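One structure is given below, encoded as C-alpha coordinates.
Computed from a prediction, not measured in an experiment: that's the story for all the values here.
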Amino acid sequence: MGTVSHQDDLYSFVDGAPEVPAGLHLVAALTGFADAGSAVAQLTTTIEGSLDGTTLVEFDPDVLLDWRARRPVIAFAHDHIESVTVPRLTLSLVRDELGQPFLFLSGYEPDFRWNAFVRAVTDLAEQLQVVDTTWVQSIPMPVPHTRPIRMTVSGTRADLVEQMSVWKPETQAPANVLHLVEHRLAGRGAEVTGLVLLVPHYLSDTEFPDAGVAALSAISAATGLIFPSDALREEGREFLARVDEQVAGNGELQRLVSVLEERHDEYMAGNPLGSPLTGVDGQVPTADAIAAELERFLADRRGQEDGTTD
(Lines give C-alpha, C1' and ligand atoms only; values in the text may rest on other atoms or scores of the structure.)
Protein backbone atom coordinates (compact mmCIF):
# COMPACT_ATOMS: atom_id res chain seq x y z
CA MET A 1 0.00 0.00 0.00
CA GLY A 2 1.24 3.50 -0.70
CA THR A 3 0.91 6.37 1.76
CA VAL A 4 -2.72 7.49 1.52
CA SER A 5 -4.29 10.01 3.90
CA HIS A 6 -7.88 9.80 5.11
CA GLN A 7 -10.32 11.58 7.38
CA ASP A 8 -8.73 15.03 6.89
CA ASP A 9 -5.26 13.60 7.56
CA LEU A 10 -6.43 11.80 10.71
CA TYR A 11 -4.40 8.79 9.64
CA SER A 12 -2.38 7.40 6.76
CA PHE A 13 -1.41 3.97 5.48
CA VAL A 14 2.30 3.27 5.90
CA ASP A 15 4.24 3.18 2.68
CA GLY A 16 4.97 -0.40 1.66
CA ALA A 17 2.48 -1.93 4.12
CA PRO A 18 1.42 -5.45 3.11
CA GLU A 19 -1.96 -6.35 1.71
CA VAL A 20 -4.45 -7.45 4.36
CA PRO A 21 -6.50 -10.58 3.76
CA ALA A 22 -10.22 -10.28 4.34
CA GLY A 23 -11.91 -11.92 7.30
CA LEU A 24 -9.42 -11.11 10.09
CA HIS A 25 -10.23 -10.38 13.73
CA LEU A 26 -9.69 -6.77 14.83
CA VAL A 27 -8.46 -6.43 18.42
CA ALA A 28 -8.45 -2.95 19.99
CA ALA A 29 -6.75 -1.86 23.22
CA LEU A 30 -6.19 1.84 23.97
CA THR A 31 -4.55 3.28 27.09
CA GLY A 32 -5.33 6.55 28.79
CA PHE A 33 -8.60 5.86 30.60
CA ALA A 34 -9.34 3.53 33.54
CA ASP A 35 -6.60 1.00 32.81
CA ALA A 36 -6.94 -0.71 36.20
CA GLY A 37 -4.02 -2.98 37.02
CA SER A 38 -2.38 -1.84 33.75
CA ALA A 39 -4.25 -4.63 31.97
CA VAL A 40 -4.30 -2.88 28.59
CA ALA A 41 -0.70 -1.70 28.90
CA GLN A 42 0.50 -5.22 29.72
CA LEU A 43 -1.57 -6.76 26.93
CA THR A 44 -0.11 -4.26 24.47
CA THR A 45 3.46 -4.88 25.65
CA THR A 46 2.96 -8.64 25.33
CA ILE A 47 1.51 -8.48 21.82
CA GLU A 48 3.91 -5.89 20.46
CA GLY A 49 6.95 -7.31 22.23
CA SER A 50 6.39 -11.02 21.68
CA LEU A 51 4.59 -11.40 18.35
CA ASP A 52 5.54 -10.56 14.77
CA GLY A 53 3.74 -7.46 13.56
CA THR A 54 3.81 -4.84 10.82
CA THR A 55 2.36 -1.34 11.12
CA LEU A 56 -0.33 -0.64 8.53
CA VAL A 57 -1.81 2.67 9.66
CA GLU A 58 -0.42 5.60 11.66
CA PHE A 59 -2.77 8.11 13.30
CA ASP A 60 -1.56 11.72 13.50
CA PRO A 61 -0.84 12.82 17.10
CA ASP A 62 -0.91 16.49 16.05
CA VAL A 63 -4.59 16.01 15.26
CA LEU A 64 -5.59 13.72 18.11
CA LEU A 65 -3.40 14.61 21.14
CA ASP A 66 -3.23 17.42 23.67
CA TRP A 67 0.56 17.69 23.76
CA ARG A 68 0.59 19.72 26.98
CA ALA A 69 -1.24 16.92 28.80
CA ARG A 70 0.72 14.05 27.22
CA ARG A 71 4.14 15.36 26.34
CA PRO A 72 6.77 13.46 24.36
CA VAL A 73 9.53 11.88 26.44
CA ILE A 74 13.14 12.81 25.79
CA ALA A 75 16.28 10.84 26.62
CA PHE A 76 18.84 13.42 27.79
CA ALA A 77 22.51 12.42 28.02
CA HIS A 78 24.77 14.92 29.81
CA ASP A 79 24.66 17.69 27.22
CA HIS A 80 22.38 16.57 24.40
CA ILE A 81 19.05 14.94 23.57
CA GLU A 82 19.63 11.41 22.38
CA SER A 83 16.07 10.60 21.39
CA VAL A 84 12.45 11.72 21.52
CA THR A 85 9.66 9.19 22.10
CA VAL A 86 6.33 10.34 20.72
CA PRO A 87 3.05 8.61 21.67
CA ARG A 88 1.79 6.37 18.88
CA LEU A 89 -1.64 5.17 17.83
CA THR A 90 -1.41 2.50 15.14
CA LEU A 91 -3.21 -0.30 13.36
CA SER A 92 -0.93 -3.29 12.81
CA LEU A 93 -1.07 -6.68 11.13
CA VAL A 94 0.11 -9.22 13.72
CA ARG A 95 0.44 -13.00 13.87
CA ASP A 96 -0.43 -14.88 17.05
CA GLU A 97 1.56 -17.79 18.50
CA LEU A 98 0.06 -20.18 15.95
CA GLY A 99 0.76 -17.82 13.05
CA GLN A 100 -2.86 -16.69 12.71
CA PRO A 101 -3.02 -13.10 11.37
CA PHE A 102 -5.14 -10.46 13.08
CA LEU A 103 -5.38 -6.67 13.18
CA PHE A 104 -4.34 -4.82 16.34
CA LEU A 105 -5.38 -1.23 17.11
CA SER A 106 -3.19 0.04 19.95
CA GLY A 107 -1.82 3.18 21.54
CA TYR A 108 -3.32 6.24 23.23
CA GLU A 109 -6.98 7.13 23.52
CA PRO A 110 -7.44 10.38 21.52
CA ASP A 111 -7.94 13.69 23.31
CA PHE A 112 -9.63 15.32 20.32
CA ARG A 113 -11.76 14.51 17.25
CA TRP A 114 -13.60 11.55 18.77
CA ASN A 115 -16.35 11.50 16.14
CA ALA A 116 -13.80 11.57 13.34
CA PHE A 117 -11.74 8.86 15.05
CA VAL A 118 -14.78 6.62 15.49
CA ARG A 119 -15.68 7.09 11.81
CA ALA A 120 -12.06 6.30 10.86
CA VAL A 121 -11.93 3.05 12.85
CA THR A 122 -15.32 1.82 11.66
CA ASP A 123 -14.48 2.73 8.06
CA LEU A 124 -11.16 0.88 8.33
CA ALA A 125 -12.94 -2.16 9.74
CA GLU A 126 -15.30 -2.12 6.77
CA GLN A 127 -12.57 -1.38 4.21
CA LEU A 128 -10.36 -4.19 5.51
CA GLN A 129 -13.36 -6.54 5.75
CA VAL A 130 -12.75 -7.68 9.33
CA VAL A 131 -14.86 -10.56 10.57
CA ASP A 132 -15.36 -8.99 14.01
CA THR A 133 -14.00 -6.40 16.43
CA THR A 134 -13.05 -7.14 20.05
CA TRP A 135 -11.87 -4.47 22.46
CA VAL A 136 -10.77 -4.58 26.08
CA GLN A 137 -10.73 -2.22 29.07
CA SER A 138 -10.22 -2.69 32.82
CA ILE A 139 -11.89 -0.77 35.64
CA PRO A 140 -11.36 -0.76 39.43
CA MET A 141 -14.00 -2.53 41.53
CA PRO A 142 -14.26 -3.58 45.21
CA VAL A 143 -13.58 -7.25 44.50
CA PRO A 144 -10.98 -9.51 46.17
CA HIS A 145 -7.64 -10.42 44.64
CA THR A 146 -8.17 -13.98 45.90
CA ARG A 147 -10.82 -14.69 43.25
CA PRO A 148 -10.55 -14.87 39.44
CA ILE A 149 -10.90 -11.57 37.59
CA ARG A 150 -14.44 -11.34 36.24
CA MET A 151 -15.83 -9.13 33.51
CA THR A 152 -18.77 -7.34 31.96
CA VAL A 153 -19.28 -8.19 28.29
CA SER A 154 -21.16 -6.02 25.80
CA GLY A 155 -21.79 -6.00 22.08
CA THR A 156 -23.55 -8.19 19.57
CA ARG A 157 -22.29 -11.64 20.60
CA ALA A 158 -25.07 -13.03 22.79
CA ASP A 159 -23.10 -16.25 23.26
CA LEU A 160 -20.15 -14.41 24.79
CA VAL A 161 -22.39 -12.31 27.02
CA GLU A 162 -24.04 -15.48 28.30
CA GLN A 163 -20.76 -17.35 28.84
CA MET A 164 -18.45 -14.63 30.13
CA SER A 165 -20.40 -11.69 31.57
CA VAL A 166 -20.95 -12.02 35.34
CA TRP A 167 -22.07 -8.45 36.02
CA LYS A 168 -24.74 -6.92 33.78
CA PRO A 169 -25.55 -3.54 35.30
CA GLU A 170 -28.07 -0.96 34.13
CA THR A 171 -26.12 2.23 34.71
CA GLN A 172 -24.56 5.38 33.27
CA ALA A 173 -20.79 5.76 33.18
CA PRO A 174 -18.10 7.81 31.43
CA ALA A 175 -17.33 6.35 28.01
CA ASN A 176 -14.11 5.02 26.60
CA VAL A 177 -13.77 6.02 22.93
CA LEU A 178 -14.02 2.32 22.10
CA HIS A 179 -17.52 2.29 23.59
CA LEU A 180 -18.41 4.71 20.79
CA VAL A 181 -16.70 2.50 18.23
CA GLU A 182 -18.69 -0.48 19.52
CA HIS A 183 -21.94 1.47 19.32
CA ARG A 184 -21.22 2.61 15.76
CA LEU A 185 -20.23 -0.89 14.59
CA ALA A 186 -23.29 -2.48 16.19
CA GLY A 187 -25.45 0.12 14.43
CA ARG A 188 -23.93 -0.97 11.13
CA GLY A 189 -24.77 -4.59 11.86
CA ALA A 190 -21.12 -5.56 12.38
CA GLU A 191 -20.03 -8.15 14.95
CA VAL A 192 -18.40 -6.44 17.95
CA THR A 193 -17.57 -7.37 21.55
CA GLY A 194 -16.47 -5.21 24.49
CA LEU A 195 -14.65 -6.87 27.39
CA VAL A 196 -14.47 -4.83 30.61
CA LEU A 197 -12.37 -6.49 33.34
CA LEU A 198 -13.30 -5.94 36.99
CA VAL A 199 -9.97 -5.49 38.79
CA PRO A 200 -9.53 -5.24 42.60
CA HIS A 201 -9.59 -1.52 43.25
CA TYR A 202 -6.83 -1.65 45.83
CA LEU A 203 -4.51 -3.03 43.14
CA SER A 204 -5.76 -0.80 40.33
CA ASP A 205 -2.80 1.60 40.52
CA THR A 206 -0.26 -1.21 40.33
CA GLU A 207 0.98 -3.26 37.41
CA PHE A 208 -1.07 -6.31 38.36
CA PRO A 209 0.12 -9.23 36.19
CA ASP A 210 -3.11 -11.21 36.58
CA ALA A 211 -4.99 -8.31 34.96
CA GLY A 212 -2.79 -8.63 31.88
CA VAL A 213 -3.31 -12.40 31.82
CA ALA A 214 -7.08 -11.93 32.15
CA ALA A 215 -7.10 -9.49 29.22
CA LEU A 216 -5.18 -11.90 26.98
CA SER A 217 -7.36 -14.84 28.04
CA ALA A 218 -10.58 -12.94 27.42
CA ILE A 219 -9.56 -11.97 23.89
CA SER A 220 -8.50 -15.57 23.23
CA ALA A 221 -11.92 -16.79 24.36
CA ALA A 222 -13.66 -14.27 22.10
CA THR A 223 -11.53 -14.78 18.99
CA GLY A 224 -9.64 -18.07 19.17
CA LEU A 225 -6.32 -16.21 18.91
CA ILE A 226 -3.46 -17.56 21.03
CA PHE A 227 -1.17 -15.22 22.96
CA PRO A 228 1.99 -15.80 25.02
CA SER A 229 1.23 -15.45 28.72
CA ASP A 230 3.73 -17.66 30.59
CA ALA A 231 5.92 -14.75 31.69
CA LEU A 232 2.96 -12.77 33.01
CA ARG A 233 1.58 -15.82 34.81
CA GLU A 234 4.87 -16.36 36.60
CA GLU A 235 5.05 -12.68 37.57
CA GLY A 236 1.47 -12.96 38.79
CA ARG A 237 2.24 -15.88 41.08
CA GLU A 238 5.13 -13.98 42.66
CA PHE A 239 3.08 -10.79 42.96
CA LEU A 240 0.13 -12.47 44.66
CA ALA A 241 2.39 -14.45 47.00
CA ARG A 242 3.84 -11.19 48.29
CA VAL A 243 0.44 -9.53 48.59
CA ASP A 244 -0.92 -12.57 50.47
CA GLU A 245 2.09 -12.42 52.78
CA GLN A 246 1.30 -8.81 53.59
CA VAL A 247 -2.38 -9.55 54.19
CA ALA A 248 -1.62 -12.57 56.40
CA GLY A 249 0.42 -10.40 58.71
CA ASN A 250 -2.30 -7.80 59.27
CA GLY A 251 -5.61 -8.66 60.96
CA GLU A 252 -7.40 -5.59 59.60
CA LEU A 253 -6.42 -6.43 56.06
CA GLN A 254 -7.58 -10.02 56.54
CA ARG A 255 -10.97 -8.79 57.73
CA LEU A 256 -11.42 -6.44 54.80
CA VAL A 257 -10.40 -9.04 52.25
CA SER A 258 -12.75 -11.51 53.94
CA VAL A 259 -15.64 -9.06 53.55
CA LEU A 260 -14.88 -8.66 49.85
CA GLU A 261 -14.66 -12.45 49.44
CA GLU A 262 -17.99 -12.96 51.19
CA ARG A 263 -19.77 -10.40 49.01
CA HIS A 264 -18.19 -11.84 45.86
CA ASP A 265 -19.04 -15.45 46.71
CA GLU A 266 -22.63 -14.63 47.65
CA TYR A 267 -23.11 -12.89 44.33
CA MET A 268 -21.51 -15.69 42.32
CA ALA A 269 -23.62 -18.29 44.17
CA GLY A 270 -26.76 -16.63 42.84
CA ASN A 271 -27.92 -15.05 46.08
CA PRO A 272 -30.08 -11.93 45.68
CA LEU A 273 -27.37 -9.32 45.55
CA GLY A 274 -27.73 -6.68 42.86
CA SER A 275 -24.00 -6.43 42.37
CA PRO A 276 -20.82 -8.34 43.23
CA LEU A 277 -19.68 -5.13 44.92
CA THR A 278 -22.25 -4.63 47.65
CA GLY A 279 -24.06 -6.51 50.40
CA VAL A 280 -27.81 -6.74 50.90
CA ASP A 281 -27.64 -3.40 52.69
CA GLY A 282 -26.42 -1.81 49.46
CA GLN A 283 -23.18 -0.58 51.00
CA VAL A 284 -19.84 -0.94 49.29
CA PRO A 285 -17.33 -2.41 51.74
CA THR A 286 -14.73 0.13 52.78
CA ALA A 287 -11.24 -0.87 51.68
CA ASP A 288 -9.25 2.29 52.34
CA ALA A 289 -7.13 0.46 54.89
CA ILE A 290 -6.19 -2.36 52.54
CA ALA A 291 -5.36 0.14 49.81
CA ALA A 292 -3.15 2.16 52.15
CA GLU A 293 -1.37 -0.87 53.58
CA LEU A 294 -0.75 -2.41 50.18
CA GLU A 295 0.37 0.92 48.78
CA ARG A 296 3.06 1.03 51.45
CA PHE A 297 3.94 -2.61 50.83
CA LEU A 298 4.19 -2.19 47.07
CA ALA A 299 6.18 1.02 47.45
CA ASP A 300 8.65 -0.84 49.69
CA ARG A 301 8.79 -3.65 47.12
CA ARG A 302 9.54 -1.21 44.29
CA GLY A 303 12.21 0.41 46.43
CA GLN A 304 13.85 -2.94 47.12
CA GLU A 305 13.84 -3.83 43.42
CA ASP A 306 15.31 -0.43 42.56
CA GLY A 307 17.91 -0.70 45.30
CA THR A 308 16.63 2.42 47.07
CA THR A 309 15.83 0.73 50.39
CA ASP A 310 17.79 -1.53 52.66
Report task. Check the pair Tyr202 / Phe208 against ring-ring contact (aromatic ring centres under 6.0 Å, His included), numbers first and verdict last. Result -> CA-CA 11 Å; Tyr202 51 88; Phe208 182 24; 8.7 Å; no
Report task. On the 0 to 90° scale, with breaks at 30° and 60°, tag the Tyr11-Phe59 ring pair as parallel, tilted or perpendicular. Result -> tilted
Where the side chain of [X] meets the backbone of [Y], is there a donor-acceptor pair that is under 3.5 Å apart?
X: Ser258; Y: Gln254; result: no
X: Asp66; Y: Phe112; result: no
X: Gln42; Y: Gly37; result: yes
X: Ser165; Y: Val153; result: yes

Query raised in the report: How is the hydrophobic cluster of Leu98 composed, in terms of its other members, when Ile, Leu, Val, Met, Phe, Trp and Tyr link through side-chain heavy atoms under 4.5 Å apart, directly or indirectly?
Result: Ile226
Report task. Quick one: closest heavy-atom pair of Val166 and Tyr267, and the distance? Result -> O-OH, 2.6 Å
Taking the basic N atoms (NZ, or NE/NH1/NH2) and the acidic carboxylate oxygens, is any pair closer than 4.0 Å for [X] and [Y]?
X: Glu252; Y: Arg255; value: yes
X: Glu245; Y: Arg242; value: no
X: Arg233; Y: Asp210; value: no

**Report entry** Within residues 167-195 or reaching into it, pairs that qualify as salt bridge (charged side-chain N to carboxylate O under 4.0 Å, His left out) - sequence neighbours excluded
**Finding:** Asp123-Arg188, Glu126-Arg188, Arg157-Glu191
Requested in this report: With side chain to side chain donor-acceptor pair (under 3.5 Å) as the test, would you mind laying out the steps for Trp67 and Asp62 before giving the verdict?
Outcome: CA-CA 8 Å; Trp67 286 110; Asp62 271 349; 2.9 Å; yes
